[in-house]
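In what follows, a single structure is set out as structure tokens and then discussed.
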There are 2 protein chains.
Amino acid sequence: MTKRSPSPETIKAWGRLMRVSRQLVEKTEDTLKTSGLPPLAWYDVLHELAEAGEGGLRPFELIDRVLLAQYNVSRLLARLEADGLVEKLPVSDDGRGQTVRITPAGRETRRRIWAVYGASIADLMGDRLSAKELETLAALLGRLRDPPILE
Amino acid sequence: MTKRSPSPETIKAWGRLMRVSRQLVEKTEDTLKTSGLPPLAWYDVLHELAEAGEGGLRPFELIDRVLLAQYNVSRLLARLEADGLVEKLPVSDDGRGQTVRITPAGRETRRRIWAVYGASIADLMGDRLSAKELETLAALLGRLRDPPILE
DNA sequence: ATTCGATAGATGCAATTGCATCAAGCTTGA
DNA sequence: TCAAGCTTGATGCAATTGCATCTATCGAAT
């Protein structure tokens, strides 16, 4: 690997990104906890499953959507199932796999988390930047994504 | 709390921020691990201590600088001390406290981490945005910080 | 059909984190 | 000066994460 030092602007932007994202996550997690709600990761999974509809999702599909490690998804799903928020169905054409589907209780929990999470997002981000600034921010971040989004 | 739903632009920017920051951290941690180097949190602490110079820092000062919980800092410092990267000195005017100072070995480790970390930053961020874009990004993120930076 | 490698998901064990609480020392105020 | 409360830092214990590995099934090549 070529030894390279990033420019001062790069370092500054990187530092801000690291600090801000951690602050935002931490505050949001705190708010959820204070409200007696489960952590963000639960929301992410319930959200993906709600979007997937009745067909549900295979665990391995969930893995890249929510950016969690395989064993993390496996155990998170076990907890969600134990709480009755998702159900696991055998899948006909692959004996190894399963399909995970959100239950009505899961949808309700997702809704309750969103009431708090959405307010937190509005509070921490929506109130601080204009619509145009938000779009600029999203576009710049999209270029850092993998795969990049060049809009 | 007033029930509020964030605007679509807000949600989009939030989603990108969450995803991108996690991707960047994960890739960087992977790179460090592959290089046989300690995790990012070690760098953060060593960096702050290096900047603090010979005077060192009190653990509680480190807490807000690196955004770690008190018990996390306590244990991380114990590990750094065990590795000889920092040293703890009693502080004269407060019998409870201590001053933590980076050692030469700590400076060397910091340098070695930076060689890889800096390259990762350049790779993941510096190469993808222009200087002007980086400044825009940093400014927008600064407004989300707590306390906000209005430049 | 049988073997071999790849994929899906689970899990034992060690390390780390989070929570609650502790001990020790400081500060304030009667 | 002494009690009450605050601050600093550490730690026991439970929950979570990370790593490595396991089992089961699939698919492809022979």
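Excluded from the calculations below are hydrogen atoms, water molecules and symmetry mates; all remaining heavy atoms, backbone and side chain alike, are included. This is a predicted model, so every value here is computed, not measured. Residue numbers start from 1 in every chain, and the chains themselves are labelled A, B, ... in the order their sequence lines are given, proteins ahead of strands.
Taking 4.0 angstrom as the limit, A/Arg58 places a side-chain polar atom (N or O) nearer than this to OP1 or OP2 of C/dG9. Phosphate contact (OP1/OP2 of D/dA10, side-chain N/O of B/Lys88, threshold under 4.0 Å): present.
In this structure, B/Phe60 atom CZ and D/dT8 atom P are separated by 5 Å, rounded to whole Å. Residue B/Asp93 contributes atom CG, which lies 14 Å from atom C1' of C/dT27 at whole-angstrom precision. For the pair A/Gln98 CD and D/dT25 P, the computed distance is 13 Å after rounding to whole Å. Note: CG (A/Leu80) to P (C/dA10) measures 12 Å, nearest angstrom. For B/Leu57 and D/dT8, the CG to P distance is 14 Å, given to the nearest whole Å. Counting to the nearest Å, the P atom of C/dA8 and the CG atom of A/Leu77 are 15 Å from each other. If you take CD of A/Glu61 and P of C/dG9, they are 9 Å apart, rounded to a whole angstrom.
Nearest heavy-atom pair, B/Thr99 versus B/Gly55, reported as atom, atom and distance to 0.1 Å: CG2-O, 3.1 Å. When all heavy atoms are compared, the tightest approach of A/Arg19 to B/Asp64 is NH2-O, 3.3 Å. Closest approach of A/Arg110 to A/Ala50, counting heavy atoms only: NE-CB, 3.6 Å.
A salt bridge is absent between B/Glu135 and B/Lys132: the closest approach of a Lys/Arg side-chain nitrogen to an acidic carboxylate oxygen does not fall below 4.0 angstrom. A salt bridge does not link B/Lys27 to B/Asp123: none of the charged side-chain nitrogens sits closer than 4.0 Å to a carboxylate oxygen.
Distances were taken from every side-chain heavy atom of A/Asp94 (C-beta onward) to each of C/dG25, D/dT25, D/dG9; the shortest belongs to D/dT25. Checking C/dT7, C/dC26, D/dA10 against the side-chain heavy atoms of A/Arg96 singles out C/dT7 as nearest.
Taking the six-membered ring where tryptophan is involved, the planes of B/Tyr117 and B/Tyr43 are perpendicular, since the angle between them exceeds 60° and thus also 30°.
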List every contact pair, protein side and nucleotides 16-23 of chain D side both N or O, where the distance is under 3.5 Å.
from, atom 1, to, atom 2, distance (Å)
D/dG18, OP2, A/Asn72, ND2, 3.0
D/dG18, O5', A/Tyr71, OH, 3.4
D/dG18, N7, A/Arg75, NH2, 3.3
D/dG18, O6, A/Arg75, NH2, 2.8
D/dC19, OP1, B/Lys33, NZ, 2.7

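Under the rule for a side chain to side chain contact (heavy atoms under 4.5 Å, CB included), the partners of A/Glu54 that lie at least two apart in sequence or sit in another chain are A/Arg101, A/Arg107.
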